[in-house]
Amino acid sequence: MHKILVANRGEIALRIMRSAREMGIKTVAVYSDADRNALHVRYADEAVHIGKSPSNQSYLSVDKIIDACRQSGAGAIHPGYGFLSENAVFARQVKAAGLILIGPSPEAMEIMGNKLSAKAAAMKYQIPMVPGTEEAITDIAEAKQRAVEVGFPILIKAAAGGGGKGMRIVETAADFEEQMHTAVSEATSAFGDGSVFIERYIASPKHIEIQVLGDNHGNIVHLFERDCSVQRRHQKVIEEAPSATLTPAIRAKMGKCAVDVARSVNYTGAGTVEFIMDEALNFYFLEMNTRLQVEHPVTELITGIDLVKEQIKIARGETISFKQDDLVIDGHAIELRVYAEDPANNFLPDIGTLQTYITPKGPGVRVDDGFEQGMEIPIYYDPMIAKLIVFGKDRNEAIERMVRSIDEYQITGITTTLGFGKFVMQHDVFTSGKFDTHFVQEYFTPAVLQKANEDEALIAALIMQQLLNGQQEVALITQESNWVKNRKDQ
Ligand code: ADP
């Protein structure tokens with residue numbers, strides 16, 4: 001494997017290329033019209049233009065990507081996350097073209113790509129499941145009966161669902177039929193597959209997922225958990241490792257379950273087994289993601305393992321070089337997804353140009369991004385600007401470091417989730433570790449950001465007054481006014 005084509009864009013394309021370069025492997029970027037000047041194109045050893053800006057004419061085009069491999073002589077493809085990363089048809093075509101896909105087998109992708117077949121596979125190992133239906137609902141009356149047994153509220157989910165889409169909460173039996181019809185038609189139009197099933201709605205859950213790695217020699221290990229409970233629209237926005245709530249015994253139990261889930265499909269490469277956990281720390285299997293996750297860096301920071309390098313080594317046929325017992329958790333890591341979104345306006349994407357873009361630096365700070373000052377956030381793709389990841393000796397230090405880094409981060413021209421991230425870091429419910437997936441819904445309102453802005457305006461006014469009174473404590477004022485400026489720029 002001398003040359004890898006990265007079938008992705010933005011921060012993840014760069015992140016993959018960096019590991020490949022450290023391993024002495026050449027990289028090939030692919031790019032659409034909108035990404036002509038993107039950083040991943042400049043970073044790669046070679047770049048191939050693959051089409052127009054909409055992703056179905058570029059990053060989702062299987063033929064164009066395989067062609068780009070032929071043109072450049074790349075022998076392997078890393079799909080990153082999103083786009084074609086979990087597409088079994090793509091995986092089969094890559095194989096048929098005599099290329100290596102850095103990822104699991106098409107069979108594993110196919111089984112885990114459907115929540116029902118994933119559960120069926122996991123059941124071979126007695127993995128705890130949320131009570132509900134095990135098969136796609138065909139008879140509404142029967143399903144309603146099952147919902148009554150499970151107990152309302154229940155959740156109707158699309159078997160082919162993903163990205164937090166295709167879920168409906170049903171509060172009472174009286175609403176069941178109507179919600180079922182809506183769920184089926186939504187699933188059909190969104191995923192081309194109307195299969196739905198039901199699950200008990202867990203009242204105050206945490207989203208805990210386990211990172212796994214499997215090689216082609218039957219070895220599977222887990223790299224502990226990530227807590228991804230801070231979500232908006234059922235989508236993650238802040239992740240951390242380890243979780244503040246897990247006990248070593250539960251961690252070991254969940255880790256074993258995750259390894260078993262991976263074993264149920266002879267999993268190879270990096271994957272993530274997702275669980276939902278109730279207040280009594282009972283956990284249930286949700287699904288498996290058969291790719292590198294957005295939030296993988298927090299695991300890298302607490303384990304010291306470069307997951308992309310491991311993926312590449314596994315794809316080369318190597319045996320995983322460490323055993324489960326060699327792995328230990330060292331310190332604490334938190335990631336904030338810096339989205340071009342307006343938290344005050346229901347987290348709707350905000351487009352524009354990065355007029356100022358200055359990233360935080362210093363001990364324990366990692367920024368995975370794909371933009372520079374002056375660049376535009378294209379409207380065609382995911383509105384994530386960067387991932388701000390911090391590492392500390394413990395959770396407290398990681399939180400303090402995140403707040404410091406958010407204050408240093410300067411972005412103007414676009415509204416971002418930075419201010420929201422600071423709100424979360426400073427909220428008692430988050431710092432106590434006792435938060436669940438409803439955190440944003442329960443505690444966040446645009447007014448809290450406005451309050452923070454007003455506090456800053458007050459500080460600015462006080463500094464002004466001090467200046468006018470001639471009471472310059474120069475060092476202090478410089479420091480405070482910088483702080484105010486940074487915050488205002490966001
Ligand atoms: P997707 O594939 O769309 O991401 P998941 O099954 O992974 O769907 O669930 C996404 C999120 O939805 C979870 O992290 C959790 O917040 C919520 N969720 C899923 N299943 C349940 C459930 N049974 N009870 C309560 N919340 C749930």
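Throughout, residue positions are numbered sequentially from 1 according to the sequence presented. First listed ligand is number 1; within each ligand, the first listed atom is number 1. Only this structure's heavy atoms are used, side chains among them; waters, hydrogens and symmetry mates stay out.
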Purely on distance, is any nitrogen or oxygen of Leu155 under 3.5 Å from one on ligand 1?
-> no
For atom 17 (C) of ligand 1, the protein heavy atom that lies nearest, with its residue and separation = His234 ND1, 3.7 Å
For Phe444, the option from Phe430, Phe420, Phe439, Phe435 that meets ring-ring contact (aromatic ring centres under 6.0 Å, His included) | Phe420
Shortest protein contact, atom 4 (O) of ligand 1 (heavy atom only) = Gly164 N, 3.5 Å
Lys422/Asp407 ion pair, N-O < 4.0 Å | yes
Verify the neighbour count for atom CD of Glu442: are there more than 12 heavy atoms of other residues, nucleotides or ligands below 6.0 Å?
-> yes
Step by step, work out the side chain to side chain donor-acceptor pair (under 3.5 Å) result for His332 and Glu240.
-> CA-CA 8 Å; His332 200 97; Glu240 63 179 314; 2.6 Å; yes
Presence of salt bridge, Glu295 and Lys387, under 4.0 angstrom = no
For ligand 1, find out whether one of its N or O atoms is nearer than 3.5 Å to an N or O atom of Ile202.
-> yes
Identify the protein heavy atom lying closest to atom 26 (N) of ligand 1, giving its residue, its atom name and the separation to 0.1 Å.
-> Ile276 CD1, 3.4 Å
Checking Glu134, Glu287, Glu199 against Lys119 for salt bridge (charged side-chain N to carboxylate O under 4.0 Å, His left out), the one that qualifies is Glu199
So is Gln235 in contact with ligand 1, going by heavy-atom distances below 4.0 Å?
-> no
Filtering Glu209, Met167, Arg233, Gln231 for the heavy atom nearest atom 16 (O) of ligand 1 leaves Gln231
Short N-O contact, Arg146 and Glu149, less than 4.0 angstrom | yes
Below 4.0 Å from any atom of ligand 1, is there a heavy atom belonging to Lys236?
-> no
Which is closest to atom 2 (O) of ligand 1 in terms of heavy atoms, Glu199, Lys115, His207?
-> Lys115
